[in-house]
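Here's the structure we're looking at; comments come further down.
Here is how names work: the chains are called A, B, and so on, in the same order as the sequence lines, proteins then strands, and each is numbered from 1.
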2 protein chains.
Amino acid sequence: MIVVKKKTIKDVAELANVSISTVSNALNGVNVVTPETKQRVLKAAAELNYVPNLMGKQLRSGETKMLGFFTDSVSGPYFYVLVEAISRAVAKLGYGMQVIVPSDHKTLMNNILGNVVDGAIIFEHMINDDDIQQILMHSVPTVLLDRPAHGPKMSSFIFNSQAEGYEATKYLLNLGHRRLGFLAGYENNHDSHLRYAGFKQAIEEAGLNSDEMPVLSGLFEEEASYNAVKSYLHYADEPATAFLAGNDLSAIGAMKAIVSLGYKVAEDFSVMGFDDIEISQYFRPALTTVRNPIARQGILAVDELLAMINGRVGGTEQVLDGELVIRDSTGFAKH
Amino acid sequence: MIVVKKKTIKDVAELANVSISTVSNALNGVNVVTPETKQRVLKAAAELNYVPNLMGKQLRSGETKMLGFFTDSVSGPYFYVLVEAISRAVAKLGYGMQVIVPSDHKTLMNNILGNVVDGAIIFEHMINDDDIQQILMHSVPTVLLDRPAHGPKMSSFIFNSQAEGYEATKYLLNLGHRRLGFLAGYENNHDSHLRYAGFKQAIEEAGLNSDEMPVLSGLFEEEASYNAVKSYLHYADEPATAFLAGNDLSAIGAMKAIVSLGYKVAEDFSVMGFDDIEISQYFRPALTTVRNPIARQGILAVDELLAMINGRVGGTEQVLDGELVIRDSTGFAKH
DNA sequence: TTTGTTTTGGCAAGCGCTTTCACGAAACTT
DNA sequence: AAGTTTCGTGAAAGCGCTTGCCAAAACAAA
């Protein structure tokens, strides 16, 4: 295997006996070059195995034809659904996509602001309001996911978490439940708060006192939820008959706790989650939950971002509604 | 919000009253600049909100400090486990990672060869032997995943699919099964073939005739598998008592088919899969399967790639062994 | 003081590419 | 035959940055 020194546009020009500008024109389909010349250039390029250096190209032209998807949470069910939707949408519009998982805050900002991509989709909890100001100052077209954009010019797509919490709770109330438990997420989780707000709202509207409803906190993981629900069920005099969990994993933990104590899910205790992760439909009993339009969020984000790159001024905040997915983990309240 | 024109190193130099080379040195920690000058530069940079243009930097220096993970299959359980493992490993070594999902073959090759990244991890079925030659010629450090590297200088990490198929089949044989069905993947799937080879090997070793064992093909999806198994079970005179599926999704489809006909999984028919995707442990009955060390594959790939970037010559092909995960979908053969 | 040595910072080249502009030849017009 | 337009091509500038090299300044040694 002979390693050949990297060929540049100059080498192609020499071999084809034309200037480098002609090579550039020929290769980029600018229609000012005769077919014969173009053929000659193409042939020379092929012969040399020429591949344009994208750094040079991008430095000069000022655009990368790349969109960046910045995220810190690679895991989780959202991630690949989003990446898939975004990458497809982006490709359709003649752009490329890069997923960038920055190791620290500085790397993150350097990549957003350092002309690496023409626009950014940010799904990132490292980012703060100052960063947003920075991005605005550098006028990098940007779309925020799952995070409201404070201020104009930056668009965002968020889920209607409060309404989802409200709808889910109403569904449980309609099944006759009057003592509802809420399994909250981490303290600082925005969505979890909103879901709880919706929960309270529905409770109050039904003429019940939301302060009397048990809230177990910090339970975004299966095991934590399992332990908490198990001990709650063990010690509570008159336990809740239905549980609304902050997410599906937590709901699954709750179901396992219920089963472990010899109770039946749905029959004895109803459980509901949020997100409709892949597992939820396979778990037995299959989990009743609320599904967010993740793929749609990705597609909308790409559309908006490309419009912004092409000059449209951003600043829209779109709220996407979830959808109730009723399965087998919920049932009528007993008496 | 006032949009300020993008600041360059030149602006910083002017404000700090030094030359641009001094700015560069100060900013990059080259130790040839007095602390006072450095302070002045840093202050000026902060004041102007200066962020270096990575295109310029990379064009000049010839390195991007970025590794590229090229993939076409975003979905699937492998994907995010790999991305997560790789991104962590890469960050630890002072590099960044980009996931690049090319829309077509040309984009793929341009991104690999166009100096966008210092090295490539390729998990890609678009790539063929010619492409590999190209990459070698351009001497881009590259690691292949799930695909043997033909020839020297390119390293690869593959799973030991044949051994896995062999072990899984032996496990089934040890449970007393004598009629085993194989649910094969797509025709052109490398792993599926190898797993089948292992299957045959174990069958023959046990003194049975592998040609008598039913093989259902093209079943890498749940529904296809469901339908095929259902009709097989319906029409077969003396059906197999155990099924080895080419992957977990296919195994799940088979289990659903078994249940839909009123049989019991494990008791009446054993089912086994490959991959140990997340669902498998949650599905009831939980699936017996073979787990591949995906995260480990990613970490090894990064280590190898960085060594290659730093001059070590590649060409190693490492085979990673899977691990039997015994759950509830398999049981002793009846009689 | 002179000479030699080190430190500090600036100049300028150039990474590979696109793009503006000018030029000469060919094709039209008058 | 001369003037005008069209067209293909090339020269050269410059995108933002790093870096080799050199000059100036500062210091140490003689």
Side-chain angles (χ1 to χ4, degrees), chain A residues 4-42 44-45 48-66 110-111 113-118 138 140, chain B residues 4-42 44-45 48-66 110-111 113-118 138 140:
Chain A
V4 190
K5 196 198 159 302
K6 203 124 199 173
K7 299 302 179 185
T8 73
I9 197 171
K10 205 177 149 201
D11 300 311
V12 179
E14 277 168 13
L15 182 60
N17 247 314
V18 292
S19 74
I20 57 172
S21 19
T22 301
V23 175
S24 176
N25 284 330
L27 257 32
N28 292 302
V30 182
N31 205 19
V32 292
V33 60
T34 42
E36 304 89 73
T37 316
K38 185 166 178 173
Q39 277 313 311
R40 218 167 62 242
V41 171
L42 257 36
L48 294 174
N49 270 309
Y50 170 70
V51 176
N53 181 317
L54 293 181
M55 296 291 110
K57 193 168 189 149
Q58 292 165 4
L59 174 58
R60 172 60 225 233
S61 67
E63 58 175 25
T64 64
K65 288 285 174 189
M66 280 276 173
N110 278 352
N111 274 284
L113 303 176
N115 288 65
V116 179
V117 292
D118 292 348
H138 286 255
V140 177
Chain B
V4 191
K5 197 197 158 301
K6 204 123 198 175
K7 299 301 180 185
T8 73
I9 198 171
K10 208 177 146 200
D11 300 309
V12 179
E14 277 168 12
L15 183 60
N17 248 314
V18 292
S19 76
I20 57 171
S21 22
T22 302
V23 174
S24 176
N25 283 331
L27 256 34
N28 293 303
V30 181
N31 206 19
V32 293
V33 61
T34 43
E36 303 90 74
T37 317
K38 186 165 180 176
Q39 277 313 311
R40 221 166 60 241
V41 171
L42 257 37
L48 294 173
N49 270 309
Y50 170 71
V51 176
N53 181 317
L54 293 182
M55 296 291 111
K57 194 168 188 150
Q58 292 166 3
L59 174 58
R60 172 59 227 233
S61 69
E63 59 175 24
T64 64
K65 287 285 173 188
M66 281 275 172
N110 278 352
N111 274 284
L113 303 176
N115 288 66
V116 179
V117 292
D118 293 348
H138 286 254
V140 177

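Looking at every heavy atom in both residues, A:Val33 comes nearest to A:Ala26 through CG1-CA, 4.0 Å. A pairwise comparison of heavy atoms in B:Asn110 and A:Pro52 identifies OD1-CD, 4.4 Å as the closest pair. Considering all non-hydrogen atoms of both residues, A:Ala45 and A:Val12 come closest at N-CG1, 3.9 Å. Counting all heavy atoms, side chain and backbone alike, A:Ala16 lies closest to A:Val41 at CB-CA, 4.1 Å.
Exactly one residue among A:Val18, A:Thr8, A:Asn28 makes a side chain to side chain contact (heavy atoms under 4.5 Å, CB included) with A:Val23. That residue is A:Val18.
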* To do: Mind running side-chain contact (heavy atoms from CB on, under 4.5 Å) on B:Leu27 and B:Leu42 for me, showing each step along the way?
  => CA-CA 7 Å; B:Leu27 256 34; B:Leu42 257 37; 3.5 Å; yes
Decide yes or no on side-chain contact (heavy atoms from CB on, under 4.5 Å) for B:Met55 and B:Gln58, but give the supporting numbers first.
CA-CA 5 Å; B:Met55 296 291 111; B:Gln58 292 166 3; 4.0 Å; yes
| request: May I have the step-by-step check of side-chain contact (heavy atoms from CB on, under 4.5 Å) for A:Asn115 and B:Leu54, ending in yes or no? | output: CA-CA 6 Å; A:Asn115 288 65; B:Leu54 293 182; over 6 Å; no
Original post:
What do the steps show when you test B:Met66 against A:Asn111 for side-chain contact (heavy atoms from CB on, under 4.5 Å), and what is the final call?
Top reply: CA-CA 11 Å; B:Met66 281 275 172; A:Asn111 274 284; 3.4 Å; yes
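In terms of modelled atom types and a separation under 3.5 Å, the side chain of A:Lys6 and the main chain of B:Leu113 share a donor-acceptor contact.
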Below 3.5 Å is the cut-off: list the nitrogen or oxygen pairs between protein and nucleotides 9-16 of chain D, distance only.
residue	atom	partner	partner atom	Å
D:dT9	OP1	A:Thr34	OG1	3.1
D:dT9	OP1	A:Thr37	OG1	2.4
D:dT9	OP2	A:Thr34	N	3.2
D:dT9	OP2	A:Thr34	OG1	3.3
D:dT9	OP2	A:Thr37	OG1	3.4
D:dG10	OP2	A:Ser19	N	2.7
D:dG10	OP2	A:Ser19	OG	3.2
D:dG10	OP2	A:Thr22	OG1	2.8
D:dG10	N7	A:Ser21	OG	3.4
D:dA11	N6	A:Ser21	OG	3.2
D:dG14	N2	A:Arg60	NH1	3.3
D:dC15	O2	A:Arg60	N	3.4
D:dG16	N2	B:Gly56	O	3.2

N/O contacts under 3.5 Å, protein versus nucleotides 26-28 of chain D?
none

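Axis angle between the ends of the helix from C:dT1-D:dA30 to C:dT30-D:dA1, five pairs each and rounded to 10 degrees, works out to 50°.
When rounded to the nearest whole Å, the span between CG of B:Asn28 and P of C:dG9 equals 15 Å. Spacing between atom NZ of B:Lys65 and atom P of D:dT18 amounts to 13 Å, rounded to whole angstrom units. We find that CD of B:Glu36 is positioned 13 Å from C1' of C:dG9, with the value rounded to whole Å. One can place CD of A:Gln58 at 13 Å from C1' of C:dT18, the figure rounded to the nearest angstrom. Rounded to whole angstrom, the span from the CD atom of A:Glu14 across to the C1' atom of C:dC17 amounts to 16 Å.
Across all strands, B:Asn115 comes closer than 4.0 Å to no nucleic acid atom at all (heavy-atom distances).
Between the side chains of B:Thr22 and B:Ser19, at least one donor N or O sits under 3.5 Å from an acceptor N or O.
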